[in-house]
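One structure below.
Note that the structure is predicted; figures quoted are calculated from it, not measured. No hydrogens, no waters, no symmetry mates; every other heavy atom, side chains included, goes into these values.
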Amino acid sequence: MRLEVMNGGKAGNSVTTASASNSSNISKLNGFNNKQFDGIKLDKDFIANLPVRLVEDEVLKVIKENEVCIIIGETGSGKSTQIPQICLDAGLHKCPTTGVEKKIIVTQPRRIAASALAKRVASERNVKTGTEVGFKFRFENVTSNETKLIYATDGILLADAMKDPFLTDYSMVIIDEAHERGLSSDTLLMILKILNRKKEKIGNELSLRIVIMSATVEAEKFSKFFNNAKIFAIEGRTYETKLFYLSRPNLQEGNMVSMCVDCVLQLDKEEPVEHDFLVFLPGFEEINSAVKLTAQRSKEKGLTLIAFPLYASLSLARQAQIYQKQSKLRKVIYATNIAETSITIPGIRVVIDSGKVRQKEFVHDLKYDKLVTVNVSQAQAMQRAGRAGRENAGKCYRLYSLEEYNKMLKMPVPEVLRSNLTSVILTFLKIGMKQTKSMSWLDSPSKDKIMAAMRQLKEYDLITKLPDKGYACSERGNIVSEFPIDPVLCLLLFKAEKNRCLVEAITILAFLSSDPVFTNDSGDLEDKKADEARRKFSCNEGDLARMLSIYSFYKSFKKNKNTSLKGDLHRYGLNEVRLGTVFKVRKQINTLCLNLQLKMESCGQDLLPLRKSVAEAWPYNLCLFDPEINGYRLASDKKTICKVHPTSCLAGVRAHAIVFSSMMETTERYAKDVTLVDPSWFKHIS
DNA sequence: GAGCACTGC
């Protein structure tokens, strides 16, 4: 056991301490929420003394004189709240050439940041949110005709760009948190670069200012991408976090949970009881066993520890527990990377970092996602460390050595290198690009990956070859790209309309493009309850049919206002928030279908037309049962084998032929959201 | 027999 070396530096040079502060090479990847602002006084002095306000004139000069610029601002510099205001006050919401009033848009990777920043800025300016300053994301639009400054998610601006690639509504676009390298912010930057190039050609100079706000490490890359754009750095105000490392590399890979718990128990002896702990683990399974183990050990030793799990699929009630005040108990929260940026927990003074994260990787040749556990990047490790107290000095215990830290990637692998590219490429063809060759990427995926995506788009008739050179969206591709859905999944709409079951297909697509609706609360009891719930809605025709029955259940409860919807959903193991989202997504897809004047027909209780539509829409997802392996083989590629996911209605059924909506590799390769089909519907696939 | 986190036209 190596944990004794972490005893606050007493073990001499076996302990390495470093400071995670100031102008270190990595800044914190900040995500705001309302709670974080609670402790910050909203007075004029505070704002006037923000680092960015001290260099206000210089910032403005750089922005005014450069069509594109990159601003590096560490946490606490006030860049996200102040720079947009500085621009607004300088009249940069007006078109520089014509003087026409336009808008400034600031994009954020997360909704919670977009709304919190808008509210904060509105209150600094003494205006109501939604008037001069507003925010916008899917299902929420708090802006009006008078709004000049919009905080939006990057997905919103991307959607705008697809309708109007010249972004004529805006005089200025600020891409915040660009270093996070999300799929939509990368895509946006690529579009902005094309736009910038096109503008030069037509001589419409300076019609759109572009500001990229990023952490230091990625600034050079953005600068080069935009033709050596000017970089402007603003100092931040950061607090000290003491870092502790293991003295030797950790070689016991399977021991992550017990190491974390041991660390908690040891630090419990050293830290004042009011200092809460936050432990980062890669996923659900590790978190549940850590919570159990902590409770068990705490009971054995008579300690005053109380452990909570925190991950996204936890019910709202369980998530809320972490905020309960514990006067005489120490809170220990075991969390996924949801606690890195999305959720801020007050009172945390000690962070324990396993150094691992679970993430999706796309397998391009077989076109499915794989869930893998990997080392965090140095930037993520710093972000995790920074969660130990915002105003007080915190401590972070890293369950890896400094050598291991130094070997970690500086930044996480950009999402574009880990994702299915069909959607991104379709976006580019939609805005009028003709060749993938001429796309310039911040980090280019390999040619193979691009070709694989192009092949799939051709396979499903979403793109067509142009007579001269290159490709364009097909008629279908044009329609599909207007839906907020994976292009291949979206094809179900066309088949369903033909087979007169569009109403059902819309519901199914709403489920398929939302998070799973079954709650995932930890504990044996809850696990049994979730299984029971899944059985209750189980359908012989498969999981898509189950979605329809869950949907009608939800609708009937929603109608009947006398019953307590929340309690009932919980009783049936359903997550009310996620089901609510499905409802909203359904409505959105429905509206789009109505606009396209598709025939809105229902097949009622007979699901045969729907199953046929599924078979016609995704013929490449046909799997046939092979008794020899007690599993399935992909009909279009017989060497690819998979199992039906255990949460499926058809798990263990040994159905002869199924079609999946998605495939995912975790411990094994699983077909998910499967539908029972008849192989005779697929004569063309042997 | 099993579930990283975000985001959208």
Side-chain angles (χ1 to χ4, degrees), chain A residues 29 31 107-114 136-140 152-164 177 180-188 280-288 309-314 335-343 354 356-361 369-374 376 380 383 412 415 418-419 423-424 426-427 430-431 478-487 490 513-522 526-528 530-531 534 575 581 584-585 588-589 591-592 595-596 643-648 651-652 664-668 670 672:
Chain A
L29 320 174
T107 71
Q108 294 294 324
R110 282 167 291 279
R111 298 172 172 200
I112 194 153
K136 196 176 167 189
F137 46 79
R138 196 185 196 184
F139 308 126
E140 194 133 20
T153 50
D154 34 33
I156 286 288
L157 186 59
L158 186 54
D160 284 349
M162 282 183 75
K163 284 191 213 134
D164 170 22
E177 312 286 8
E180 290 193 17
R181 305 295 311 277
L183 201 50
S184 11
S185 82
D186 264 24
T187 312
L188 263 176
F280 284 100
L281 280 164
F284 175 90
E285 220 172 0
E286 292 89 349
I287 288 169
N288 281 342
L310 178 62
Y311 45 83
S313 59
L314 209 58
T336 59
N337 55 357
I338 193 171
E340 258 174 36
T341 48
S342 304
I343 292 179
S354 67
K356 300 283 179 189
V357 65
R358 200 153 286 142
Q359 64 183 20
K360 257 190 203 166
E361 265 171 28
D369 280 315
K370 207 174 167 175
L371 206 48
V372 291
T373 310
V374 296
V376 296
Q380 275 175 296
Q383 174 66 14
E415 204 183 354
R418 299 186 282 113
S419 304
S423 201
V424 177
L426 203 59
T427 301
K430 171 87 176 172
I431 63 160
N478 262 316
I479 298 172
V480 158
S481 63
E482 297 196 0
F483 281 78
I485 302 176
D486 176 280
C490 199
S513 49
S514 307
D515 292 322
V517 293
F518 286 107
T519 47
N520 231 347
D521 286 1
S522 55
E526 281 91 343
D527 273 4
K528 271 191 200 138
D531 282 349
R534 275 189 281 265
N575 184 315
T581 309
K584 283 193 266 186
V585 173
Q588 191 183 25
I589 300 171
T591 305
L592 286 164
N595 289 346
L596 287 168
K643 287 188 173 169
V644 172
H645 196 271
T647 56
S648 165
M664 169 95 130
E665 188 179 317
T666 51
T667 49
E668 286 193 73
Y670 289 113
K672 295 178 86 172

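- When heavy atoms are screened at a 4.0 angstrom cut-off, A:S513 is found touching no nucleic acid atom at all.
- Atom pair A:R358:CZ and B:dA5:C1' shows a separation of 12 Å (rounding to whole Å applied).
- Within the 4.0 angstrom heavy-atom criterion, no nucleotide atom of any strand lies near A:F518.
- Residue contacts for A:L371: at a heavy-atom cut-off of 4.0 Å it reaches a base atom on one of the strands shown.
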- Query: Please walk me through it: do A:T427 and A:V424 pass side-chain contact (heavy atoms from CB on, under 4.5 Å)?
  - Reply: CA-CA 5 Å; A:T427 301; A:V424 177; 5.5 Å; no
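- The side chain of A:R111 places an N or O atom within less than 4.0 Å of a non-bridging phosphate oxygen (OP1 or OP2) of B:dG8.
- Under 4.0 angstrom from either OP1 or OP2 of B:dG3 there lies no side-chain N or O belonging to A:T647.
- The salt bridge (Lys or Arg N to Asp or Glu O under 4.0 Å) test applied to A:E668 returns A:K643, not counting sequence neighbours.
- At a threshold of 4.0 angstrom between heavy atoms, the contacts of A:L183 with the nucleic acid are absent.
- Mapped onto DNA chain B by nearest heavy atom, A:N337 and A:F483 fall at different nucleotides, with A:N337 at the one closer to the 5' end.
- When distances are taken from the side chain of A:K360 to each of B:dC4, B:dG3, B:dA5, the shortest belongs to B:dC4.
- Contact annotation for A:E415: base contact, defined as any heavy-atom pair under 4.0 Å involving a base atom.
- Among the protein residues, A:S184 comes within range of no part of the nucleic acid, since none of its heavy atoms lies under 4.0 Å from any strand.
- In this structure A:T647 satisfies the side-chain hydrogen bond (donor to acceptor under 3.5 Å, both in side chains) test together with A:H645, sequence neighbours excluded.
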